[in-house]
> 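First the structure, which I've put down as structure tokens, then a few questions once you've had a look.
What you are looking at is a predicted structure, and each value in this text was computed from that prediction instead of being measured.
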Amino acid sequence: MNKLYSIGDQVMPDVAMRVLKDEQDPLDWVGMSGIRLPMRFRDGKEVRSAPSTVQLYVNLCDPKAKGIHMSRLYMLLDEKAGKHPLAPVSVSNFLSQMLESHSDFSTRAYVEFAFDQYLRRPALVSDHAGWNNYSVVVRGEHAQGTVHVDLQFVVHYSSTCPASAALARQSIQHQFDQDFGSVGTVSATRIRHWLGSDEGIVATPHGQRSSAGVVVRVDPNSETFPLTHLIDSVEIALATPVQTAVKRVDEQEFALLNGQNPMFCEDAGRRLKTCLDAESDVVDFQVRVEHYESLHAHNAVCMVAKGLPDGFKPVP
């Protein structure tokens with residue numbers, strides 16, 4: 001039968017809480033997506049603010065329950081988001097409260113916050129700076145008495161193809177032989193002039209904008225997310241993150257960094273595994289590196305995880 005609620009003299013039925021006559025199959029997840037709200041989150045020692053998009057769910061395992069208490073979940077989210085900055089421990093507590101609010105028919109809870117992190121980035125050489133943004137997702141799941149809290153972010157960078165670099169050097173050597181092969185001894189001044197000319201640098205390696213999608217699992221009792229620290233560590237490991245404000249001296253430095261750090265996607269994947277293995281605050285991780293090829297119409301991809309027996313398993 002339907003539950004009844006009264007407002008003044010008016011009695012209002014709650015059809016969602018109706019007990020079904022016949023038992024039904026359980027449902028894996030029921031809840032809401034696309035919830036937008038302002039949010040504060042703990043990033044290291046900082047408390048930052050950002051508009052976020054939230055989704056949250058519980059399972060429905062009571063075979064005679066028609067639906068869940070969606071309004072309870074929404075009100076709980078609104079209350080907790082206003083009181084506490086987002087942190088692993090607050091996500092863990094929120095998941096427990098989601099289950100408490102649905103203790104009659106739910107055993108699992110899931111919540112996800114998606115937002116952009118904006119960081120001020122200095123130029124490589126000049127005194128300029130600009131804002132770079134990073135897509136971030138925080139996920140939490142409470143199932144079978146275990147809580148997992150994961151942090152996901154994306155870093156964009158430039159990658160120069162090592163094979164293309166080798167072929168470009170060979171082409172330059174061939175051109176040098178054509179221009180100077182029969183001369184014998186050539187002065188350093190003449191070679192220097194040749195190297196700076198269009199005739200000298202007849203080939204350049206191809207490069208591409210690339211992305212590293214990183215997911216880390218953190219301690220659910222931690223008081224803060226190591227977000228900016230991890231972004232900094234990943235960008236240092238890759239050496240060629242995309243830039244914001246750029247003058248010619250910065251562009252020249254960026255070209256130098258690309259020349260000194262040619263990378264296949266496999267190289268980038270290994271760099272990031274080494275980087276994240278060294279992070280004590282990271283319980284587990286998985287990485288997806290994607291190079292948006294300028295030579296091919298397809299992309300080059302590498303996936304790697306920490307390698308724990310029961311940990312993340314990269315899936316294409």
> What's the shortest heavy-atom distance between A305 and K273, and which atoms?
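Nearest heavy atoms, A305 then K273: O-CE, 3.3 Å.
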> Between I68 and V30, what is the shortest heavy-atom contact and its length?
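Scanning both residues, the minimum pair turns out to be CD1-O, 3.4 Å.
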> Show the nearest heavy-atom pair for residues V216 and L230, with the distance to one decimal.
CG2-CD1, 3.8 Å
> Looking at side-chain heavy atoms only, is the closest gap between L99 and T107 below 4.5 Å?
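No, side chains not in contact.
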> What residues form a ring-ring contact (aromatic ring centres under 6.0 Å, His included) with H142, not counting sequence neighbours?
none
> Any non-hydrogen side-chain atom of P226 less than 4.5 Å from a side-chain atom of E279?
no
> By the rule that ILVMFWY residues connect when side-chain heavy atoms come within less than 4.5 angstrom, directly or transitively, which residues belong alongside V125?
L124, V249, F254, L257
> For Q178, does the CD atom have more than 12 heavy-atom neighbours from other residues, nucleotides or ligands under 6.0 Å away?
yes
> In this structure, are over 12 heavy atoms from other groups packed under 6.0 Å from D127 atom CG?
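Open: at most 12 neighbouring heavy atoms sit under 6.0 Å from CG of D127.
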> Just checking, is any N or O donor in the side chain of T240 or N261 under 3.5 Å from an acceptor N or O on the other one?
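Note: T240 and N261 side chains miss the donor-acceptor criterion.
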> Under 3.5 Å, which donor-acceptor pairs link side chains of residues 88-97 to any protein atom two or more places apart or in another chain?
from	atom 1	to	atom 2	distance (Å)
S90	OG	P85	O	3.2
S90	OG	A87	N	2.8
S90	OG	A87	O	2.9
N93	ND2	V89	O	3.3
S96	OG	S92	O	3.3

> Counting only N and O atoms by type, is there a donor-acceptor contact under 3.5 Å from the side chain of T160 to the main-chain atoms of P262?
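Answer holds: no.
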> I'd like to know if L238 and I236 are part of one continuous hydrophobic network [Ile/Leu/Val/Met/Phe/Trp/Tyr, side-chain heavy atoms within less than 4.5 Å].
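Each belongs to a different hydrophobic cluster.
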> Could you walk me through whether V54 and L37 pass the side-chain contact (heavy atoms from CB on, under 4.5 Å) test, one step at a time?
CA-CA 8 Å; V54 185; L37 80 164; 3.0 Å; yes
> Can you list the residues that meet the ring-ring contact (aromatic ring centres under 6.0 Å, His included) rule with Y74, with sequence neighbours excluded?
none
> Flag yes if M70 and F105 sit in one hydrophobic cluster, no otherwise; membership is Ile, Leu, Val, Met, Phe, Trp, Tyr, and two members link when side-chain heavy atoms are under 4.5 Å apart.
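Yes, it is one cluster - the side chains of M70 and F105 are joined through contacts under 4.5 Å.
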> Got a sec, which hydrophobics cluster with Y57, joining ILVMFWY side chains under 4.5 Å apart, including via others?
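Via sub-4.5 Å side-chain contacts, Y57 links to W29, Y110.
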> Indicate the atoms forming the closest heavy-atom contact of M263 with H291, along with that distance.
O-CE1, 3.6 Å
> Measure across F153 and L227 and return the closest heavy-atom pair with its distance rounded to 0.1 Å.
CD2-CD1, 4.0 Å
> Using a 3.5 Å distance criterion without hydrogens, assess whether the side chain of S106 forms a donor-acceptor pair with backbone atoms of N59.
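Between the backbone of N59 and the side chain of S106 there is a qualifying donor-acceptor contact (under 3.5 Å).
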> To the nearest 0.5 Å, what is the distance between SG on C161 and NE2 on H296?
7.5 Å
> Quick check for you: to the nearest 0.5 Å, what is the distance between M98 atom CE and H69 atom NE2?
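M98 atom CE to H69 atom NE2 measures 13.0 Å (nearest 0.5 Å).
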> Any donor and acceptor pair, going by atom type alone, linking the side chain of E235 with main-chain N or O of S233 inside 3.5 Å?
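No, the answer is negative, given that no donor and acceptor are paired below the 3.5 Å cut-off.
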> When rounded to the nearest 0.5 angstrom, what distance separates CZ in F225 from CG in L86?
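Nearest 0.5 Å value for the CZ-CG distance: 5.0 Å.
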> Should we say atom NZ of K83 is surrounded by more than 12 heavy atoms from elsewhere, each under 6.0 Å from it?
no
> Using a strict cut-off of less than 4.0 Å between a Lys/Arg side-chain nitrogen and an Asp/Glu carboxylate oxygen, indicate whether E141 and R139 qualify as a salt bridge.
no
> Looking at OG of S135 and CG of D116, how far apart are the two atoms once the value is rounded to the nearest 0.5 Å?
5.0 Å
> Verify the neighbour count for atom CD of Q170: are there more than 12 heavy atoms of other residues, nucleotides or ligands below 6.0 Å?
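No, CD of Q170 has 12 or fewer neighbouring heavy atoms, counting only those of other groups under 6.0 Å.
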> Dump the intermediate steps for side-chain contact (heavy atoms from CB on, under 4.5 Å) on R108 and D28, then the final yes or no.
CA-CA 9 Å; R108 293 186 294 136; D28 295 319; 4.0 Å; yes
> Are V136 and I35 joined in one hydrophobic group, where the rule is that I, L, V, M, F, W and Y side chains link up if heavy atoms are under 4.5 Å apart?
yes
> Only counting residues at least two apart or in another chain, list the ones meeting side-chain hydrogen bond (donor to acceptor under 3.5 Å, both in side chains) with S222.
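Counting only residues at least two positions away or on another chain, S222 forms no side-chain hydrogen bond (donor to acceptor under 3.5 Å, both in side chains).
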> To the nearest 0.5 Å, tell me how far L119 CG sits from T228 OG1.
4.5 Å
> Could you give the distance from OH (Y134) to CD (Q117), rounded to the nearest 0.5 Å?
9.0 Å
> Provide the closest heavy-atom pair for R121 versus D232 in the form atom of the first, atom of the second, distance.
NH2-OD1, 2.8 Å
> Is the backbone N or O of T274 less than 3.5 Å from a side-chain atom of D277, with the two atoms forming a donor-acceptor pair by type?
no
> If two hydrophobic side chains count as joined below 4.5 Å and joins carry through other members, does V214 share a cluster with V301?
no
> Closer than 3.5 angstrom, by distance alone: can the side chain of D284 be matched with the main-chain N or O of R217 as a donor-acceptor pair?
no
> Please confirm whether the backbone N or O of S159 pairs with a side-chain atom of Q208, one donor and one acceptor, at under 3.5 Å?
yes
> Does atom NE2 of H174 have more than 12 heavy-atom neighbours, drawn from other residues, nucleotides or ligands, at distances under 6.0 Å?
no
> Determine, step by step, whether V304 and L272 satisfy the side-chain contact (heavy atoms from CB on, under 4.5 Å) criterion, reporting the C-alpha distance in whole Å, the side-chain angles of both residues, the deciding distance to 0.1 Å, and the verdict.
CA-CA 9 Å; V304 65; L272 295 186; 5.8 Å; no
> Apart from Y118 itself, what residues make up its hydrophobic cluster when side-chain heavy atoms of I, L, V, M, F, W and Y under 4.5 Å apart count as a link, directly or indirectly?
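Traced through the cluster, Y118 reaches W131.
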> Starting from F264, can I reach V155 by hopping between I/L/V/M/F/W/Y residues whose side chains sit under 4.5 Å apart?
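No: no chain of side-chain contacts under 4.5 Å links V155 to F264.
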> Inspect the surroundings of CZ in R120 and state if more than 12 heavy atoms from other residues, nucleotides or ligands are less than 6.0 Å away.
yes
> Can you list every salt bridge (charged side-chain N to carboxylate O under 4.0 Å, His left out) pair that touches residues 31-52, not counting sequence neighbours?
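Non-adjacent pairs meeting salt bridge (charged side-chain N to carboxylate O under 4.0 Å, His left out): D43-R48.
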> Checking F41 now: which residues fulfil ring-ring contact (aromatic ring centres under 6.0 Å, His included) with it, not counting sequence neighbours?
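Once residues adjacent in sequence are excluded, the partners of F41 under the ring-ring contact (aromatic ring centres under 6.0 Å, His included) criterion are F115.
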> List the steps, then state whether side-chain contact (heavy atoms from CB on, under 4.5 Å) holds for S158 with V242.
CA-CA 6 Å; S158 172; V242 296; 5.7 Å; no
> Check whether more than 12 heavy atoms from other residues, nucleotides or ligands sit under 6.0 Å from atom CD of Q55, and answer yes or no.
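Enclosed.
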> Could you tell me which residues satisfy ring-ring contact (aromatic ring centres under 6.0 Å, His included) with F180, sequence neighbours excluded, listed by chain and number?
F176, W194
> Is the closest side-chain heavy-atom distance between Q243 and D250 below 4.5 Å?
no
> Check which hydrophobic residues are tied to F312 through side-chain heavy-atom contacts below 4.5 Å, counting indirect links as well, and list them.
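Besides F312, the hydrophobic cluster comprises V215, listed by chain and residue number.
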> Who passes side chain to side chain contact (heavy atoms under 4.5 Å, CB included) against A166, sequence neighbours left out?
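A166: side chain to side chain contact (heavy atoms under 4.5 Å, CB included) contacts with R169.
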